[in-house]
Each structure stands twice: as C-alpha cells, then as structure tokens.
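Owing to the predicted nature of the structure, the values given are computational and were not obtained by experimental measurement.
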Amino acid sequence: MDMEKIIGLVTKTKELIKNREMAAHVKEKGVADYVTQVDIAVQNFLKKELFLLAPDIQFLGEETGLQEIKADSFWILDPVDGTTNLMHDYQHSVVSLALCHQDEIVMGIVYNPFHEEIFSAIKGKGSFLNGQPIKVSKAEKLSDTIVGLGTAKRELADENFARFRRVFGESQDVRRIGSAALELAYTACGRQDGYFEIYLNPWDYAAGMLLVQEAGGMVTDFAGNPLNPREGGSVVGTNGNIHGELLKLL
C-alpha cells in the first residue's frame, strides 16, 4: 500500500473539517457523544476513495459502529477524533486512519488539519511527523513526566477521577486534549510521556497505537495485555520506561 497516496487522500479532508457551517449541525448519539455533518462527510469521502483504491479491503468506521469483520485486512477510521473540540472550534480534532492486517496494525495516519501536522507510521519502518522521524521521550521516572488522560465512561467518573488524582500526584502534571488519537500521537513524538483512558474503540486508538510503538514506546490495556484492534477496551500508551509505574496507579 502506497503511504503517500493514503496521506494524500486523508489531507483532502481539510476543507470538510474546517467547514464551520457543517460543524454546527450536531446530533447527539449518546451522553456527551456527538456526531456532526463533518464526521459523516469525511467518513463517506474516505470510505469511497479507499474502496476505489483497494476494493478488497473491508472498512470499519466510527459512524458505522463496531461490526464483525471477516476479512484479513480492513481499514479502521475515525473521521473526526475530537468531535466535541470541533463543535467548539478548539482546533484539536484529527482524522485517524489505520490499516489492520491479520489482527495487526500495519499502517497508521493521524492528521491535524488545523496545525498541518501529519503523523504517520508503517509497521517496522518507524514513525514520522511531516516526513521527519519521531521518537518517544527519554524520561525514566513518572515524576519527570506529563501524562495525558481521557474522560470516557461518564458513569465511571468517580473511579476515573480517583485515577487522575493518583497520576497527578506522582507526575509533573496531567493534560487533557480531547482526542485519543492526538494524545497518542503527542506521546509518540515526545510532547508528553504517556496517555491513558478507561475505554476506547478501535478507531480511537488504532493509528495512534502504531505511532507510539514505532516511535519506541509501548501500548497495552490497564492490565498490561496487548490490544485487540477488533475490540474496544482500556488503553495505556507510554514511552515504555514509565509503563509499569503508570500501570500500578491505574
């Protein structure tokens, strides 16, 4: 698969994502879970273009939801990761696209059109930001780090905020960007040292997971197990050095 062609398709979504009129048309899917016309337009565009490029590869997208995938290879797309950010013009919303082959993520792209940043990775070939190699941070202790966090599962707010407090107490500080894919991309390039969230769907983490791994970091669930890109679950991504220390707090 030609990475440059795929990146070219993804970056064509820029004008759709930056269309404020479309972003204002909002439908509530669930508690604090929204979809805009932008999400739908981006997914429809990329689904069509990816099919023309590779008709034998199946498609899994956020706006179609989790479904049984029988093929060896399938795309995993979050058309807008950070929809609430988009609604408020917070400008931290990204397109997250991954390619899964035989239950392994082999290609990942996270594109932020507001900052013109394209994070990309191919399994075994490293991670890149706008074509330049990136690596995770070198921090060796949690006390020397900033850690990103996610607030999924509002019904678990008390449990989650107790976790946040524990991590805040042991780190330099915590951050909340509002996009799991971007949190993982920032971990991959060393802007932060780790990130965790109690529940993410595959389209939230698939591309970002590969970015972190190919940048020299580690991604698991809260129990330290590998992630299954066909399923949702807890996610922890770090530079590797602080992984065990962070897992103990989670």
Side-chain angles (χ1 to χ4, degrees), residues 1-30 32-55 57-67 69 74-100 105 107-122 128-131 150 152 177-186 188-189 200-211:
M1 191 62 64
D2 187 332
M3 172 65 92
E4 292 308 311
K5 280 187 178 180
I6 306 302
I7 288 175
L9 288 178
V10 170
T11 55
K12 284 182 179 179
T13 63
K14 178 179 178 178
E15 295 308 314
L16 292 172
I17 294 172
K18 298 182 79 171
N19 186 317
R20 294 306 302 155
E21 183 178 348
M22 290 174 62
H25 287 79
V26 180
K27 179 180 178 181
E28 189 167 6
K29 296 190 291 184
D33 186 11
Y34 306 97
V35 60
T36 70
Q37 285 188 355
V38 176
D39 300 72
I40 295 167
V42 170
Q43 177 155 310
N44 288 343
F45 169 76
L46 287 175
K47 184 177 182 180
K48 176 184 175 183
E49 294 298 321
L50 291 169
F51 178 79
L52 292 174
L53 190 67
I57 298 179
Q58 280 192 261
F59 181 87
L60 176 66
E62 178 176 12
E63 304 316 325
T64 52
L66 281 174
Q67 56 190 284
I69 298 290
F74 58 98
W75 299 106
I76 305 175
L77 173 70
D78 193 337
V80 180
D81 190 48
T83 298
T84 305
N85 287 349
L86 185 72
M87 290 159 50
H88 293 271
D89 198 22
Y90 192 64
Q91 301 197 356
H92 285 79
S93 302
V94 301
V95 180
S96 176
L97 178 67
L99 178 61
C100 183
I105 304 301
M107 176 187 291
I109 299 167
V110 173
Y111 171 51
N112 183 346
F114 298 100
H115 298 158
E116 290 295 350
E117 291 190 325
I118 305 164
F119 297 86
S120 62
I122 294 177
F128 300 85
L129 169 55
N130 292 346
I177 298 174
S179 163
L182 198 55
E183 297 270 14
L184 289 166
Y186 279 14
C189 71
L200 293 173
N201 283 300
W203 46 80
D204 300 312
Y205 69 77
M209 175 174 69
L210 185 64
L211 289 171

Visitor: To the nearest 0.5 Å, what is the distance between CD1 on Ile76 and CG on Asn201?
Guide: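 Between Ile76 CD1 and Asn201 CG, I get 10.5 Å after rounding to 0.5 Å.
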Visitor: Hey, what do you get for CD1 (Ile7) to CE (Met3), rounding to the nearest 0.5 Å?
Guide: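 Output value for this atom pair is 5.0 Å.
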Visitor: For Asn85 and His92, indicate whether the former's side chain and the latter's backbone hold a donor-acceptor pair under 3.5 Å.
Guide: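 At least one qualifying donor-acceptor pair exists.
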Visitor: I need the minimum non-hydrogen distance between Ala98 and Ala206, along with the two atoms involved.
Guide: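 Here Ala98 and Ala206 meet closest at CB-CB, 3.7 Å.
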Visitor: Ring centroids only, cut at 6.0 angstrom: are His88 and Tyr90 within range, meaning strictly under it?
Guide: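 No, too far apart.
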Visitor: Judged by atom type as modelled, is there a donor-acceptor pair below 3.5 Å linking the side chain of Asp89 to the main-chain atoms of Arg20?
Guide: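 Such a contact is absent between Asp89 side chain and Arg20 backbone.
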Visitor: Using only atom types and a distance under 3.5 Å, with no angle test, would you say the side chain of Gln43 pairs donor to acceptor with the backbone of Leu77?
Guide: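 Judged by distance alone, no pair lies under 3.5 Å.
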Visitor: Between Ile17 and Val42, is a side chain to side chain contact (heavy atoms under 4.5 Å, CB included) present by the stated rule, with each step listed?
Guide: CA-CA 8 Å; Ile17 294 172; Val42 170; 3.9 Å; yes
Visitor: Please round to the nearest 0.5 Å and tell me the distance separating atom OH of Tyr111 and atom CG of Leu97.
Guide: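 One finds 13.5 Å between OH of Tyr111 and CG of Leu97.
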Visitor: Mind listing the closest non-hydrogen atom pair of Gly108 and Leu210 along with its distance?
Guide: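 Heavy-atom minimum between the residues: N-CD2, 3.6 Å.
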Visitor: Can Thr83 and Asp39 be said to form a side-chain hydrogen bond (donor to acceptor under 3.5 Å, both in side chains), step by step?
Guide: CA-CA 8 Å; Thr83 298; Asp39 300 72; 2.8 Å; yes
Visitor: With heavy-atom distances below 4.5 Å as the criterion, would you say the side chains of Glu117 and Leu129 are in contact?
Guide: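 SC-SC contact between Glu117 and Leu129 confirmed.
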Visitor: Between Asn130 and Glu116 (side chain of the first, backbone of the second, donor and acceptor by atom type, cut-off under 3.5 Å), is there such a pair?
Guide: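 Side chain of Asn130 to backbone of Glu116: a pair is present.
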Visitor: Between CD1 of Ile6 and OG of Ser120, what distance do you get to the nearest 0.5 Å?
Guide: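 Answer for the CD1-OG pair, Ile6 versus Ser120, is 12.0 Å.
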Visitor: Would you find a donor on one side and an acceptor on the other, under 3.5 Å apart, between the side chain of Ser93 and the backbone of Leu86?
Guide: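 Yes; judged by distance alone, with no hydrogens or angles, the pair exists.
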Visitor: Do the side chain of Asn19 and the main chain of Leu16 share a donor and acceptor less than 3.5 angstrom apart?
Guide: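 No; zero donor-acceptor contacts below 3.5 Å.
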Visitor: Hey, what's the ring geometry for Tyr186 with Phe119, parallel, tilted or perpendicular (30° and 60° as the breaks)?
Guide: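 Because their plane-to-plane angle lies in the 30° to 60° range, the rings of Tyr186 and Phe119 count as tilted.
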Visitor: If I take atom CD1 from residue Ile109 and atom CD1 from residue Ile118, how far apart are they, to the nearest 0.5 angstrom?
Guide: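 If we round to the nearest 0.5 Å, Ile109:CD1 and Ile118:CD1 are 8.5 Å apart.
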Visitor: Any donor and acceptor pair, going by atom type alone, linking the side chain of Asp81 with main-chain N or O of Ala181 inside 3.5 Å?
Guide: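 At least one qualifying donor-acceptor pair exists.
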Visitor: What is the distance from atom NZ of Lys5 to atom CD of Glu49, rounded to the nearest 0.5 Å?
Guide: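 Spacing of NZ (Lys5) from CD (Glu49) equals 12.0 Å.
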Visitor: Minimum heavy-atom separation for Met209 and Leu184, please, with both atom names.
Guide: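 Nearest pair, atom of Met209 first, then Leu184: N-CD1, 3.9 Å.
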